[in-house]
Amino acid sequence: MKKPSSLLVLVFLILTPNVFLVLQRPVTARPLYTDSRWVVDGSGQRVKLACVNWASHLEPMVAEGLSKQPLDVISKQIISMGFNCVRLTWSLFMVTNDSFASLTIRQSFQKLGLLDSISGIKLNNPSLLDLPLIQAYQVVVSNLADNNVMVILDNHISEPGWCCSNSDDNGFFGDRYFDPDLWIKGLTTIATIFNGTNKVVGMSLRNELRGPKQNAEDWYRYMQKAAEAVHTANPDVLVILSGLSYDKDLTFLSKQPVNLSFKGKLVFEVHWYAFSDGEAWVRGNPNQVCASVVDNLMRNAGFLQKQGWPLFVSEFGVDQRGTNVNDNRYLNCFIGVAAELDWDWALWTLVGSYYLRQGVVGMEETYGMLDSGWTSIRNSNFLQRLSTLQIPLQGLGVSNLKPYKIILHTLTGLCVHRNPITKSLSLGSCAESEAWDYTPEKILMVKGTYDCLQADGVGKPAKLGSLCTDTNSKWEPISESKMHFSTKLSNGRTVCLDVDSNNAFLTNPCKCLSGDHLCDPGSQWFKIVNSTRIRSQPQPDYVFQVRRTKFNWRSVMKLKLRKEGAVNEDMS
């Protein structure tokens with residue numbers, strides 16, 4: 001496998017500050033705290049956790065992909081895609097079971113017969129091959145930190161392997177592989193090891209509690225004890241608590257809050273996938289399913305955010321091949337809700353393939369941001385949509401602007417822009433979105449102007465006008481999802497905002513409002529989202545090219561230099 005040359009790495013470093021359209025203010029002040037529902041830094045400024053999960057808890061107990069790419073290249077891939085954080089998983093036995101804890105990477109892979117992976121790590125990360133597993137884990141954390149990536153350490157499972165099922169004996173306190181005292185000992189060990197480590201900002205105490213033994217009484221007993229132990233060993237980290245039933249149920253906290261000796265460090269986490277609700281997204285009408293699923297989510301976990309606690313959606317994701325209808329419809333709903341509530345989150349997953357998963361060597365991960373070779377983005381369209389959620393839209397210290405609205409189209413992840421000269425409307429980056437007001441009269445007006453959004457006819461572009469008293473200027477959310485916005489034309493006909501296959505912003509007859517489970521309303525789903533963010537300036541064309549081509553550094557540098565008049569077409 002050919003490694004990137006030093007010149008190409010230098011090109012990456014030159015371009016990195018300009019790569020992503022969603023750049024947050026760098027987090028330099030450690031540790032992080034909580035202030036009401038927000039995660040903030042030492043100066044009280046909101047830090048939005050826009051994370052990706054990187055698995056390191058399967059049988060080899062090594063961060064996936066190190067046989068495919070150099071560690072530093074993977075860390076830079078993470079930054080280039082706009083993530084500022086990694087939820088790095090680990091198995092309890094890595095630090096509590098001597099038969100595992102004493103192994104080097106080479107020995108771990110030899111034990112599993114993964115000789116090709118040994119060869120790959122020898123080629124790409126030779127300095128790691130004979131390190132003990134915990135030391136290799138530390139090196140991964142250190143390299144992420146060197147690349148300005150925050151790290152959340154997630155105890156994913158006890159016995160290393162794929163997670164999770166009700167019968168894997170890893171699910172709840174008292175299971176065969178889940179001794180609570182040993183678990184707390186392991187958490188304390190990890191908290192101590194990473195005490196003072198740059199960019200380690202949080203510890204997730206346990207992933208997806210589950211199984212027939214689960215109960216709220218034991219949850220309080222052991223989770224509170226573990227939280228205290230972690231805070232004592234490392235008071236700088238956020239302490240992140242998961243719920244029951246695969247981290248979908250935190251309802252018990254509505255009756256009895258946690259009782260801890262420390263404040264300003266507690267975060268709750270929840271998981272939400274399409275398959276969390278079976279095949280509901282293809283069997284039911286998407287408008288109705290979105291409404292019912294979100295209502296259920298808010299009852300089970302979202303109430304904590306309303307009570308002033310940070311809620312971290314530490315796992316969500318979709319099949320990025322784009323062929324899973326259940327996932328595709330869920331994603332449209334997820335993006336709208338995640339933007340509206342401005343969640344902190346962690347995508348499942350970075351991983352393009354696994355060393356070994358469920359007995360299969362080299363299994364491809366279709367939910368992965370990277371392809372199976374760990375060289376390219378699996379789905380650039382998905383990355384564009386995700387970039388909208390990487391932007392902190394509101395919260396403490398985001399800006400001093402008065403709140404305004406943006407109009408988000410969830411299917412594309414783009415927002416409504418206007419041309420101030422022609423007054424035409426289009427879709428573009430939400431980081432550069434127009435500021436809107438949504439008045440009590442249901443009129444969408446460009447903030448600070450007399451221009452309002454109007455419908456001009458069926459199949460015609462939506463427009464701006466200054467006479468905002470006619471029926472075609474009033475926009476009502478009419479579906480159960482609250483993401484269809486309709487108005488009436490002068491002839492009395494009802495139309496909805498829509499986006500066609502060319503991303504043109506127009507109005508059409510409203511579709512899929514109820515009943516029909518075969519109809520997909522995605523093109524007509526919009527969310528009016530609160531923001532206080534200062535609009536960023538449009539980026540140079542080569543920035544967009546970086547996001548599309550990603551790791552073709554020579555082409556990217558060539559394009560950049562040509563834009564600056566420093567190279568001709570014959571540059572090789």
Side-chain angles (χ1 to χ4, degrees), residues 18 20-23 339 384-385 387-388 391 393 399-439 441-475 485-490 495-508 523-548 559-560 562-565:
N18 297 318
F20 35 114
L21 307 177
V22 295
L23 187 63
Q384 173 184 286
R385 297 174 71 184
S387 69
T388 298
I391 305 170
L393 295 173
S399 81
N400 294 321
L401 294 182
K402 292 183 178 179
Y404 62 89
K405 309 289 185 183
I406 60 176
I407 306 174
L408 167 66
H409 184 239
T410 67
L411 182 61
T412 60
L414 300 174
C415 288
V416 179
H417 289 228
R418 67 154 182 159
N419 185 314
I421 298 174
T422 64
K423 294 192 176 182
S424 59
L425 295 167
S426 60
L427 294 180
S429 165
C430 291
E432 304 155 16
S433 176
E434 203 69 53
W436 296 82
D437 278 327
Y438 190 40
T439 73
E441 296 76 28
K442 309 297 184 183
I443 296 171
L444 280 162
M445 302 193 70
V446 179
K447 196 172 182 68
T449 76
Y450 294 104
D451 292 336
C452 64
L453 180 64
Q454 296 179 339
D456 198 31
V458 175
K460 292 185 178 182
K463 66 178 185 178
L464 290 175
S466 55
L467 184 61
C468 303
T469 57
D470 292 342
T471 58
N472 69 336
S473 301
K474 183 176 181 180
W475 298 92
F485 286 86
S486 72
T487 192
K488 286 189 176 181
L489 303 174
S490 57
V495 291
C496 279
L497 292 177
D498 202 351
V499 172
D500 68 13
S501 58
N502 296 314
N503 278 1
F505 182 56
L506 66 163
T507 55
N508 274 319
S523 71
Q524 292 189 348
W525 273 7
F526 292 83
K527 181 67 80 168
I528 298 176
V529 177
N530 290 320
S531 180
T532 61
R533 183 179 174 84
I534 296 174
R535 292 173 59 206
S536 63
Q537 296 299 312
Q539 301 292 312
D541 289 347
Y542 67 80
V543 174
F544 290 90
Q545 184 72 6
V546 171
R547 297 212 61 159
R548 288 195 297 268
L559 179 62
K560 179 181 187 292
R562 187 179 301 125
K563 289 287 183 182
E564 297 170 354

Participant: Kindly determine whether Glu432 and His417 satisfy side-chain contact (heavy atoms from CB on, under 4.5 Å), including the steps that lead there.
Facilitator: CA-CA 8 Å; Glu432 304 155 16; His417 289 228; 3.9 Å; yes
Participant: Kindly compute the distance separating NZ (Lys463) from OG (Ser424), expressed to the nearest 0.5 Å.
Facilitator: 13.0 Å
Participant: Rounded at 0.5 Å granularity, tell me how far CD1 in Ile406 sits from NZ in Lys527.
Facilitator: 12.0 Å
Participant: Quick one: does Cys430's side chain get under 4.5 Å of Thr388's, heavy atoms only?
Facilitator: yes
Participant: Testing Leu489, Asn472, Leu506, Asn508 for side-chain contact (heavy atoms from CB on, under 4.5 Å) with Val495, which one passes?
Facilitator: Leu489
Participant: If you measure from CG on Leu453 to NZ on Lys474, what distance do you get to the nearest 0.5 Å?
Facilitator: 15.0 Å
Participant: Looking only at heavy atoms, what is the nearest atom pair of Gln454 and Gly465, with distance?
Facilitator: OE1-CA, 3.6 Å
Participant: Looking at every heavy atom in both Ala431 and Ile391, which two are closest together, and how far apart are they?
Facilitator: N-CD1, 3.6 Å
Participant: Taking Asp500 for the side chain and Asn502 for the main chain, is one N or O donor matched with an acceptor at less than 3.5 Å?
Facilitator: yes
Participant: Using the six-membered ring wherever Trp is involved, compare the ring planes of Phe526 and His409 and label them parallel, tilted or perpendicular (cut-offs 30° and 60°).
Facilitator: tilted
Participant: Taking the side chain as everything from C-beta on, heavy atoms only, tell me whether Leu444 gets closer than 4.5 Å to Ile528.
Facilitator: yes
Participant: Which heavy-atom pair separates Trp436 from Leu464 by the least distance, and what is that distance?
Facilitator: CH2-CD2, 3.9 Å
Participant: How long is the span from the CZ atom in Phe485 to the SG atom in Cys496, to the nearest 0.5 Å?
Facilitator: 10.0 Å
Participant: Are the side chain of Gln384 and the backbone of Thr412 linked by a donor-acceptor contact shorter than 3.5 Å?
Facilitator: yes
Participant: Is the shortest heavy-atom distance from the side chain of Arg533 to the side chain of Tyr404 under 4.5 Å?
Facilitator: yes
Participant: Just wondering, do Asp437 and Lys405 contact through their side chains at under 4.5 Å, heavy atoms?
Facilitator: no
Participant: Looking at side-chain heavy atoms only, is the closest gap between Leu408 and Leu414 below 4.5 Å?
Facilitator: no
Participant: Evaluate the side-chain proximity of Leu401 to Ile534: yes if any heavy-atom separation is below 4.5 Å, no if none is.
Facilitator: yes
Participant: Is any side-chain N of the basic residue among Asp451 and Arg418 closer than 4.0 Å to the acidic one's carboxylate O?
Facilitator: yes
Participant: Crowded around Lys447 NZ? As in, over 12 foreign heavy atoms under 6.0 Å?
Facilitator: yes
Participant: Check the pair Thr507 / Asp456 against side-chain contact (heavy atoms from CB on, under 4.5 Å), numbers first and verdict last.
Facilitator: CA-CA 8 Å; Thr507 55; Asp456 198 31; over 6 Å; no
Participant: Going through the checks in order, is the side-chain contact (heavy atoms from CB on, under 4.5 Å) test met by Cys452 and Ile443?
Facilitator: CA-CA 7 Å; Cys452 64; Ile443 296 171; 3.7 Å; yes
Participant: Locate the shortest heavy-atom distance separating Met445 from Cys468; write the atom from each residue and the value.
Facilitator: CE-SG, 4.4 Å
Participant: Do you know the tightest heavy-atom contact between Ser473 and Thr487?
Facilitator: N-OG1, 3.9 Å
Participant: What are the two closest non-hydrogen atoms of Ala339 and Leu393, and how far apart are they?
Facilitator: O-CD1, 3.7 Å
Participant: Would you confirm whether Thr532, through its side chain, and Lys402, through its main-chain N or O, come within 3.5 Å as a donor-acceptor pair?
Facilitator: no
Participant: Under a 4.5 Å cut-off applied to non-hydrogen side-chain atoms, are Val499 and Leu411 in contact?
Facilitator: no
